[in-house]
Amino acid sequence: MPELPEVEVVRRGLERWVSGRTVAETEVLHPRAVRRHTAGGEDFAAQLKGHTIGTARRRGKYLWLPLADTDASILGHLGMSGQLLVQPESAPDEKHLRIRIRFADTLATELRFVDQRTFGGLSLHENTPDGLPDVIAHIARDPLDPAFDDAAFLTALKLRRTTVKRALLDQSLISGVGNIYADEALWRSRLHYERPTATLPRPRAIELLGHVRDVMNAALDVGGTSFDSLYVNVNGESGYFDRSLDAYGREDEPCRRCGTPIRRRPWMNRSSYFCPRCQRAPRVVS
DNA sequence: ACCTGATCCTGAGAGC
DNA sequence: TGCTCTCAGGATCAGG
């Protein structure tokens, strides 16, 4: 599943291969892929036609493409299984091709949104004065954003009456952290996922934020170098996950710090992986 | 106002 | 072999 570093790789690919091109025709092949566009697929296609794509931008796991000479942007989210591909027009359709955007030039490539589980999608929205699609105005900056406000995040964390992993996944506090990187950052910080945020000393919170950034940057270094062709792709295949995960997906395997078997616990209809020795459960569990 | 937990989807893989 | 069951998860939003 694409996490923030993979989405950033996609953004760079879009900037290189799609920005500056003018939309000729859009084909919506599955209504669920444009469900956030309430006016529907036909309207989505009609509104894109003839507009030139501006510089690709990203916040957390959201991507957007401003349309030049308008106050609107194409907003994209890859969800669980989405891919944005720049393919030759002659390439056969992918099995789960949902949206096709053709361009008014002679490059003979097109942009394709492919998504098996259809948690992701594209839509068109007005921009806020900040140049952000209005429907993601509530999404906090991500920790790799130079303008991310560390002090404000630490304060908000302290005020919340919730648990630390839940806070890491709260898009209004910090964006772009998914289940995998949350578990990885907590393992590095030796924090249990159910630790109440209110009891977290400030130095531990600072350390946690640092580990979130470290995990993301490490993945970005790996994934960011593999992109070098006429192919915008993301499928969690940076190679980083196989080699470098310390907690996520390692149930019953020894903790790389202390050798204790990693445990998996059901959590919010998914799983949390942790070392029961390095990451002690809080005394009072809500 | 804040917090919780159900929900959308489809294919891989396990178990029988 | 083929069927059924479980699991994966981001982000939203109803309901407490």
Side-chain angles (χ1 to χ4, degrees), chain A residues 1-8 10-11 29-38 58-64 75-84 94-99 113-123 125 132-143 155-186 193-200 212 215-216 219 234-237 241-242 245 247-252 262-273 282 284-286:
Chain A
M1 64 300 307
E3 296 260 349
L4 184 148
E6 288 80 14
V7 177
E8 172 57 20
V10 172
R11 191 202 64 75
L29 298 144
H30 195 304
R32 198 174 142 77
V34 292
R35 67 192 179 286
R36 281 194 90 152
H37 192 87
T38 47
R58 180 188 62 73
R59 174 174 286 195
K61 297 180 191 173
Y62 281 99
L63 289 162
W64 69 98
L75 178 67
H77 197 292
L78 301 173
M80 295 296 304
S81 53
Q83 294 174 285
L84 281 165
E94 289 76 9
K95 183 178 180 186
H96 301 294
L97 177 63
R98 308 303 190 195
I99 300 169
F113 179 73
V114 177
D115 191 6
Q116 178 215 115
R117 279 182 255 183
T118 64
F119 273 43
L122 301 182
S123 48
H125 303 279
L132 205 67
D134 55 17
V135 293
I136 62 163
H138 65 290
I139 302 288
R141 291 183 188 274
D142 61 70
T155 301
L157 202 62
K158 188 79 186 172
L159 293 173
R160 282 295 166 103
R161 290 295 176 270
T162 188
T163 51
V164 65
K165 183 170 175 180
R166 183 125 202 167
L168 286 178
L169 298 181
D170 186 332
Q171 300 298 297
S172 68
L173 280 179
I174 183 171
S175 68
V177 183
N179 197 46
I180 296 173
Y181 289 174
D183 280 0
E184 291 300 301
L186 289 168
Y193 58 98
E194 286 186 320
R195 176 70 176 262
T197 53
T199 71
L200 203 59
V212 170
V215 171
M216 286 185 174
V234 66
N235 206 11
E237 293 173 2
F241 292 152
D242 290 340
L245 293 183
Y248 184 84
R250 296 193 67 241
E251 185 178 17
D252 295 334
I262 296 288
R263 283 194 190 149
R264 179 171 72 93
R265 288 284 176 272
W267 183 84
M268 293 282 296
N269 290 327
R270 38 183 71 70
S271 294
S272 276
Y273 295 87
V284 181
V285 178
S286 57

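Below, chains carry the letters A, B, ... as their sequence lines are ordered, and counting in each starts from 1.
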Novice: Between B:dC9, B:dT4, C:dA11, which nucleotide has the shortest distance from any of its atoms to the side chain of A:T162?
Specialist: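 For the A:T162 side chain, the nearest candidate turns out to be B:dT4.
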
Novice: CZ of A:R35 to OG of A:S123: how many Å apart, nearest 0.5 Å?
Specialist: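 Rounded to the nearest 0.5 Å, the CZ-OG separation comes to 9.0 Å.
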
Novice: If the threshold is 4.0 Å, N to carboxylate O, is there a salt bridge linking A:K165 and A:E194?
Specialist: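 No salt bridge links A:K165 with A:E194.
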
Novice: For the residue pair A:T118 and A:R32, confirm or rule out a side-chain donor-acceptor distance under 3.5 Å.
Specialist: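 Short answer, yes.
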
Novice: Just the rounded figure in Å: distance from P of C:dC7 to CZ of A:F119.
Specialist: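 Result: 16 Å.
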
Novice: Rounded to whole angstroms, how far apart are CG on A:L173 and P on C:dT12?
Specialist: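 Whole-Å distance recorded here is 14 Å.
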
Novice: Verify the contact: side-chain N or O of A:R117 to OP1 or OP2 of C:dG10, cut-off strictly under 4.0 Å; return yes or no.
Specialist: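 Answer is no, no contact under 4.0 Å.
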
Novice: Output the rounded distance in Å from CD (A:E3) to P (C:dG10).
Specialist: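 Whole-Å distance recorded here is 6 Å.
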
Novice: Examine B:dC9: is either OP1 or OP2 under 4.0 Å from a nitrogen or oxygen in the side chain of A:R98? Give yes or no.
Specialist: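 No, A:R98 has no side-chain N/O under 4.0 Å of OP1/OP2 on B:dC9.
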
Novice: Rounded to whole angstroms, how far apart are CE on A:M80 and P on C:dT12?
Specialist: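 In whole Å, C:dT12 P lies 15 Å from A:M80 CE.
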
Novice: For B:dC9, take OP1 and OP2 only and decide whether either is under 4.0 Å from a side-chain N or O of A:H96.
Specialist: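 The answer is no; no side-chain N or O of A:H96 sits under 4.0 Å from OP1 or OP2.
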
Novice: Looking at every strand, decide which applies to A:R35 at a 4.0 Å heavy-atom threshold: base, sugar-phosphate, or nothing.
Specialist: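 Touches nothing.
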
Novice: In whole Å, I'd like the distance from the CG atom of A:D115 to the P atom of B:dG11.
Specialist: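 So the two atoms are 11 Å apart, to the nearest Å.
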
Novice: Is the phosphate of C:dG10, meaning OP1 or OP2, less than 4.0 Å from a side-chain N or O of A:Y181?
Specialist: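 No, because none of the side-chain N or O atoms of A:Y181 sits under 4.0 Å from OP1 or OP2 of C:dG10.
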
Novice: Name the residue from A:D142, A:L4, A:D170 that meets the side chain to side chain contact (heavy atoms under 4.5 Å, CB included) definition with A:S175.
Specialist: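 Checked A:D142, A:L4, A:D170 against A:S175; only one passes side chain to side chain contact (heavy atoms under 4.5 Å, CB included): A:D142.
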
Novice: Does a side-chain N or O from A:R160 land closer than 4.0 Å to OP1 or OP2 of B:dC3, or not?
Specialist: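 Yes.
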
Novice: Do the side-chain N or O atoms of A:H138 get closer than 4.0 angstrom to the phosphate oxygens (OP1, OP2) of C:dT12?
Specialist: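 Result: yes.
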
Novice: Quick one: is B:dG11 close enough that its OP1 or OP2 comes under 4.0 Å of any side-chain N or O from A:S81?
Specialist: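 False: A:S81 side-chain N/O out of range (4.0 Å or more) of B:dG11 OP1/OP2.
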
Novice: Which whole-number value in Å describes the distance from A:L169 CG to C:dA8 C1'?
Specialist: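 Roughly 15 Å, once rounded to whole Å.
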
Novice: With a cut-off of less than 4.0 Å, is there a side-chain N or O of A:Q171 near OP1 or OP2 of C:dA11?
Specialist: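 Yes, such a contact exists.
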
Novice: Ignoring backbone atoms, establish whether A:R161 has a side-chain N or O less than 4.0 Å from OP1 or OP2 of B:dA1.
Specialist: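 So the side-chain polar atoms of A:R161 never come under 4.0 Å of the phosphate oxygens OP1 or OP2 of B:dA1.
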
Novice: Taking only the side-chain heavy atoms of A:N269 (C-beta and beyond), determine which of B:dA6, B:dG11, C:dG10 contains the nearest atom.
Specialist: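 From the listed options, B:dA6 comes nearest.
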
Novice: Calculate the interatomic distance between A:R166 atom CZ and B:dA6 atom P; express it in whole Å.
Specialist: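 Taking CZ of A:R166 and P of B:dA6, I get 10 Å after rounding.
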
Novice: As a test of reading the structure: which of C:dG10, B:dG11, B:dC9 is closest to the side chain of A:R270, going by heavy atoms?
Specialist: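 Output: C:dG10.
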
Novice: Under 4.0 Å: is that the gap between some side-chain N or O of A:S271 and OP1 or OP2 of C:dA8?
Specialist: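 Yes, because at least one side-chain N or O of A:S271 sits under 4.0 Å from OP1 or OP2 of C:dA8.
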
Novice: Rounded to the nearest 0.5 Å, how far apart are CG of A:L173 and CZ of A:R166?
Specialist: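 It comes to 11.5 Å.
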
Novice: Atom CZ of A:R59 to atom P of C:dA11: distance rounded to whole Å?
Specialist: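 Computing the A:R59:CZ to C:dA11:P distance gives 13 Å.
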
Novice: A:H77 side chain N/O closer than 4.0 Å to the phosphate oxygens (OP1, OP2) of C:dA11?
Specialist: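 Answer yes for this pair, as a side-chain N or O of A:H77 is under 4.0 Å from OP1 or OP2.
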
Novice: A:H125 and A:D134: which non-hydrogen atoms are nearest, and at how many Å?
Specialist: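 Minimum heavy-atom contact is CB-OD1, 3.6 Å.
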
